[in-house]
Amino acid sequence: MEELIRSKNLKLTKGRLEVLKLMYDSEVPMSADEVYAKIPRTICSSLSTVYRVLNQLTEKGLLQSSLKQNGITYYEKASDEHRHYITCSSCGKIVPLENCPMDAIDNYIRKDTGYEITGHIFELTGICPDCKE
């Protein structure tokens, strides 16, 4: 992780290192509030510091961000592969989907319109099995 940070011409700080490790270990995107809750205060003493670190890592291409329907920006490690998630509208739990359900729709639209599809946004919400009980 240290070399990854340095390779982007960023100074190696404890905050950047801890945030990047946390994001690379996470299977799901996280909001700044969630990151702040998991980082020791001795490393990132304020939420504004966490936002600053997340934005720096995003600007350098180490993380990617997305704005969800709930108006919150979520961050995850940058990847060439895109992922989709379903979010419980009751407890907020996020679960990754194994495959992109939009592939078939992208192909249909490509054939129907002649457009080259360069991306899409797909967001699912529902009630998770734990909250249904």
Side-chain angles (χ1 to χ4, degrees):
M1 289 292 154
E2 294 175 10
E3 279 305 311
L4 192 56
I5 292 170
R6 287 187 181 114
S7 74
K8 298 296 183 174
N9 295 318
L10 286 170
K11 182 179 174 186
L12 182 64
T13 65
K14 290 179 185 178
R16 288 179 183 142
L17 186 59
E18 286 299 312
V19 169
L20 195 61
K21 281 181 184 177
L22 178 65
M23 300 310 296
Y24 271 62
D25 288 343
S26 179
E27 290 294 317
V28 296
M30 297 173 67
S31 70
D33 286 333
E34 292 168 326
V35 172
Y36 180 63
K38 293 181 184 250
I39 298 288
R41 295 295 160 265
T42 55
I43 294 177
C44 287
S45 60
S46 69
L47 182 58
S48 64
T49 301
V50 169
Y51 271 109
R52 190 169 34 260
V53 169
L54 288 169
N55 288 331
Q56 291 167 344
L57 296 174
T58 301
E59 287 172 7
K60 293 294 184 172
L62 297 172
L63 299 179
Q64 57 193 35
S65 65
S66 58
L67 181 65
K68 301 295 182 187
Q69 288 178 5
N70 62 6
I72 298 173
T73 300
Y74 288 84
Y75 300 85
E76 62 185 319
K77 67 181 176 182
S79 171
D80 291 338
E81 296 179 18
H82 71 278
R83 296 186 76 186
H84 298 289
Y85 306 90
I86 185 166
T87 304
C88 179
S89 53
S90 182
C91 70
K93 181 168 94 175
I94 300 173
V95 176
L97 302 177
E98 289 300 315
N99 299 303
C100 176
M102 294 295 294
D103 287 343
I105 294 170
D106 284 356
N107 288 334
Y108 171 78
I109 292 171
R110 183 179 298 112
K111 289 177 185 173
D112 192 47
T113 66
Y115 273 69
E116 179 61 33
I117 307 295
T118 59
H120 56 254
I121 298 170
F122 182 71
E123 184 174 345
L124 287 170
T125 57
I127 306 295
C128 73
D130 293 336
C131 291
K132 281 187 349 185
E133 292 179 358

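This structure is a prediction, so every number in the text was calculated from the model and none was measured. Side chains are part of it too, since the values below use all heavy atoms of this structure and drop only hydrogens, waters and symmetry mates.
- For residues 40-51, the side chain to side chain donor-acceptor pair (under 3.5 Å) pairs, not counting sequence neighbours, are Y36-R41, S46-S48, S46-T49, T49-R52.
- For the pair E123 and S66, the minimum side-chain heavy-atom distance is 4.5 Å or more.
- Taking D33 as the reference, nothing meets the side-chain hydrogen bond (donor to acceptor under 3.5 Å, both in side chains) condition, with sequence neighbours excluded.
- Annotation: the span from I86 atom CD1 to C128 atom SG amounts to 9.5 Å, rounded to 0.5 Å.
- The minimum heavy-atom distance linking L4 with S7 is given by the pair O-OG, 2.7 Å.
- Closest approach of R83 to P96, counting heavy atoms only: NH2-CB, 3.0 Å.
- Annotation for I39 and C44: closest pair CG2-CB, 3.8 Å, computed over non-hydrogen atoms.
- The shortest side-chain heavy-atom distance between H82 and Q64 does not fall under the 4.5 Å cut-off.
- L47 and M23 fall within the same hydrophobic cluster, where Ile, Leu, Val, Met, Phe, Trp and Tyr residues are linked whenever their side-chain heavy atoms come under 4.5 Å apart, directly or through other members.
- V19 and Y24 fall within the same hydrophobic cluster, where Ile, Leu, Val, Met, Phe, Trp and Tyr residues are linked whenever their side-chain heavy atoms come under 4.5 Å apart, directly or through other members.
- Looking at residues two or more places apart in sequence or on another chain, you find a salt bridge (Lys or Arg N to Asp or Glu O under 4.0 Å) between E3 and R6.
- The shortest non-hydrogen separation linking V53 to G15 is CG1-O, 4.0 Å.
- Put simply, CD1 on I5 and CG on L20 are 5.0 Å apart, with the number rounded to the nearest 0.5 Å.
- Residue M102 holds its CE atom at 11.0 Å from CG of N107, rounded to the nearest 0.5 Å.
- Note: D106 CG to C100 SG = 6.5 Å, rounded to the nearest 0.5 Å.
- Each side chain to side chain donor-acceptor pair (under 3.5 Å) pair with one or both residues in residues 85-105, not counting sequence neighbours, appears once here: E76-Y85.
- Residues satisfying the ring pair (Phe, Tyr, Trp, His ring centres under 6.0 Å) criterion with F122, sequence neighbours excluded, are H84.
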Side-chain donor-acceptor distances from residues 56-63 under 3.5 Å, at least two apart:
{"from": "Q56", "atom 1": "OE1", "to": "R16", "atom 2": "NE", "distance (Å)": "3.0"}
{"from": "Q56", "atom 1": "OE1", "to": "R16", "atom 2": "NH2", "distance (Å)": "3.1"}
{"from": "T58", "atom 1": "OG1", "to": "L54", "atom 2": "O", "distance (Å)": "2.7"}
{"from": "K60", "atom 1": "NZ", "to": "K8", "atom 2": "O", "distance (Å)": "3.4"}

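- Here the straight-line distance linking atom CG of L22 with atom CE of M1 works out to 10.5 Å at 0.5 Å rounding.
- When side chains are defined from C-beta on, Y74 counts as touching I94, because their heavy atoms get closer than 4.5 Å.
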